[in-house]
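This report concerns only the one structure given below.
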Amino acid sequence: MQALVIVAHGSHLNPDASTPTYDHADTIREAGVFDEVKTGFWKEEPSFREVLRTVESEEVYVVPLFISEGYFTEEVIPRELRLDEWDLDEWDSDGTSATHTTLEAADVEKTVHYCGPVGTHDAMSDVIVRRAESVTGDPDVGEGFALAVVGHGTERNENSAKAVRLHADRIEGMDRFEEVKALFMDEDPEIDDVADFFETTDVVVVPLFVSDGYHTQEDIPEDMGLTDDYRTGWETPSDVDGHRIWYAGAVGTEALTADVLIERAADAGANVGDAIEEIRRKTRSAGADAEAGAGD
Amino acid sequence: MTDVNDTQLDALLSAADDGVECDGLSVTRTDGGYRFETPEETHTGLSQPALRELAAQNPWFVSNWYHWNRTDRPDTERAYLRWLEGADERTVPERYEWLADGGIVASWGELRIDIAPGADGERVYTVRNGADGEVAPEELDVRTDPADARGLLKRDDRGRYRPLKTAPTLPTGWAFVDLDGPALAETVEYVYPATIANWYLERRGDLDVNHWRETMERQSGIYGVIKTWDRGEGHEHVDWVAEACCDDSQCLKRREWQYDDETELDVDGGDGAFPCREPCSLVVTAARKWTKLEGERSRTYEFELTPSEKEQIEEIIGTVADGDVEDVREADIYDGANRYRARFLRAKRFDDEDRLCGVPTDEDGV
Ligand code: SF4
């Protein structure tokens, strides 16, 4: 038997923080390739400490629904899951290249394949593009559009900025959008000046965040000038200094994120059959709504 | 009346060669034929057809054996489901009569679990909030997919987010029906995550409790500061934490963690069915705040209050701490925590900067 365990941050204050995690778990459960699909949280239950004991399978693929490598993926999760033999060198990562390592957890008799976070997987670039399709309602969006990928700066975690740049570069390489840029909340190039960085009138802005919350629904919209007060919401698109800004909200809420979770497990050896293809196909129609920018 | 079907009889006959033992039913093969025994009757020297005949006349025992021993299920789930129907304390006839006569009712935290007989000795489970026990499931928001529990139970009846799933604030008005054993366990798992697993570990004597000290020593990042709160001067501060957060009025888990493995806390751990094996994230987060607040030294302030005003302040704190603010009636000016009473006190005793009796908080007069 094989299980997928999605580990995510969760929240004591925001009831919606866990929603994307649950949604992706349901999508993967429906695909039927794992005997069990479980979720575990830092701030909710089951906790990282106790999620593995709720699993029956001997082979467990643990995938962090986090954006970048860093404190959580390197320290908190391995410690709380009791992956005692965990050694950062095992991942042999340059900050965005961790794939997986195989370990034992001290409190259960299971083989744990501990995977890199979803945010740094190549397939996440496709989710960002899908998010742009969703928010514009155009499955072919690209021509006449610029794309901004937004993240924290290096201040809190150097790797988070690396992940943002990784995807911006990859998407630029797809030759699909007129311009592609990485923008940041607390360093240059800053989202506050979003309009200054683009020639193209239409700019899709996709924050590289797992779930919507304070940053994506309050900070970023206000900083970009979509609204003076996040509580009153904003238009999609919004006019900012002669540009039309299509603000997409957290990329992790896009249904296709389930695909990245599965790909992480597959890279670590999980048998996923044709689930990757199936989820890519199924989430396409699901992602065709553009309501994510309503800001409420 | 429970039937026993051919699959069950065939299974019993083929298992008989290796011996069958379950809840009072015993079937063995001896040199002189099969032996069939229940608490009421013993038959020996049976041929295979005779054994089959006898088994068919004892549908309760046979279907009970089949249900528990021939359905592929994890040990944890099996132990839990058997515990719910009291399989270790009640005989098979007792349980089956009970099942037939309105069903067995069990509870788990605030959940009420009804066990009804299904076809051929199967069990059918219904889960509701115990407070809806008298309401017919049809009148509730009826669900069959366990995963619905996540969204349905995220908020309490007042619409507030429930960050602690074992807080005694489970909303009412819903029912999960037509559940088989695995679906019941899954539903319970969504309502109270990991409680079945920990209950089972405890039952086997294997619960891995992590006490306060080791849990706080383990913390890092912004929570690393909590370990500095333990100064080797006793554990009164942890008693306060447990009294604040882990009391049965706040959390249905039975707190098994103590200060450390030699030092018990002075407050009661509660009576819950399922154990709490280490301070949860809510307690850790709160402890971080308290570590900072408790770094302050106490000072002597002088306030002018009437005796009733002093008591009113105590009443307000008590009402907030007990979560009863919403219950204070609009015009109940006899209650010190009434809004008009509190506003009067503020109007009279606060200065323009909202300072009690105009007394500055800091020594420098701020
Ligand atoms: S630490 Fe206290 S509040 Fe938290 S789950 Fe355990 S008993 Fe409940």
Side-chain angles (χ1 to χ4, degrees), chain A residues 1 3 5 8-30 35-58 70-72 74-82 84 105-109 156-157, chain B residues 72-77 145-151 153-156 159-167 182 185-186 188-201 206-208 210 215 218-224 251 253 274-286:
Chain A
M1 281 174 79
V5 174
H9 193 283
S11 170
H12 290 153
L13 300 172
N14 174 4
D16 302 321
S18 54
T19 308
T21 314
Y22 291 151
D23 289 347
H24 303 323
D26 289 347
T27 304
I28 297 169
R29 207 171 281 130
E30 271 164 37
D35 299 290
E36 301 170 277
V37 181
K38 303 269 180 179
T39 53
F41 298 93
W42 174 232
K43 295 276 182 177
E44 298 180 35
E45 298 148 275
S47 62
F48 294 164
R49 294 286 285 171
E50 297 184 354
V51 66
L52 291 181
R53 63 189 59 200
T54 70
V55 175
E56 276 302 314
S57 311
E58 314 79 46
Y71 178 58
F72 279 99
E74 294 169 359
E75 187 176 331
V76 175
I77 298 169
R79 179 189 75 209
E80 299 287 289
L81 293 179
R82 301 174 178 80
D84 294 349
D107 62 329
V108 289
E109 280 162 21
R156 290 216 320 213
N157 169 7
Chain B
D72 185 28
R73 55 174 108 239
D75 293 348
T76 314
E77 182 185 303
D145 180 357
D148 287 356
R150 294 170 313 193
L153 310 180
K154 214 170 211 175
R155 296 166 192 272
D156 65 17
R160 296 178 308 177
Y161 175 45
R162 304 173 60 239
L164 184 67
K165 293 205 162 59
T166 45
E186 198 185 341
V188 171
E189 188 57 34
Y190 283 130
V191 181
Y192 298 134
T195 54
I196 300 179
N198 284 328
W199 166 87
Y200 184 59
L201 285 172
D206 290 335
L207 185 69
D208 49 339
N210 291 123
T215 302
R218 198 179 76 227
Q219 303 302 319
S220 63
I222 58 171
Y223 303 105
C251 177
K253 282 189 192 170
F274 35 83
C276 172
R277 42 164 301 285
E278 71 175 39
C280 67
S281 75
L282 209 81
V283 161
V284 170
T285 306

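Numbered from 1 within each chain, the chains take letters A, B, ... in sequence-line order.
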message: So that I know where these two stand, are A/F48 and A/F41 an aromatic pair - ring centroids less than 6.0 Å apart?
response: no

B/E189 (side chain) donor-acceptor with B/A194 (main chain) under 3.5 angstrom: yes

- line: Given A/D26, A/D107, A/T19, the one with more heavy-atom pairs under 4.5 angstrom with chain B than any other is A/D26

Portion of [X] that has a non-hydrogen atom of chain A nearer than 4.5 angstrom:
| X | answer |
| --- | --- |
| B/K154 | side chain |
| B/T195 | neither |
| B/L201 | side chain |
| B/D206 | neither |
| B/Q219 | both |

- request: Keeping to residues at least two apart or across chains, list the salt bridge (Lys or Arg N to Asp or Glu O under 4.0 Å) pairs with something in residues 275-286 of chain B.
  value: A/R49-B/E278, A/E50-B/R277, B/D208-B/R277, B/R218-B/E278

query: So, A/S11 and A/E44: side-chain donor and acceptor under 3.5 Å apart, yes or no?
result: no

Part of A/R79 within contact of chain B (heavy atom distance under 4.5 Å): side chain

field: Region of A/Y71 that comes under 4.5 Å of a non-hydrogen atom in chain B
entry: side chain

message: Going by side-chain hydrogen bond (donor to acceptor under 3.5 Å, both in side chains), name the residues that satisfy it together with B/T285, two or more places apart in sequence or in a different chain.
response: A/K43

query: Hey, does A/P15 have a side-chain heavy atom less than 4.5 Å from the side chain of B/R162?
result: no

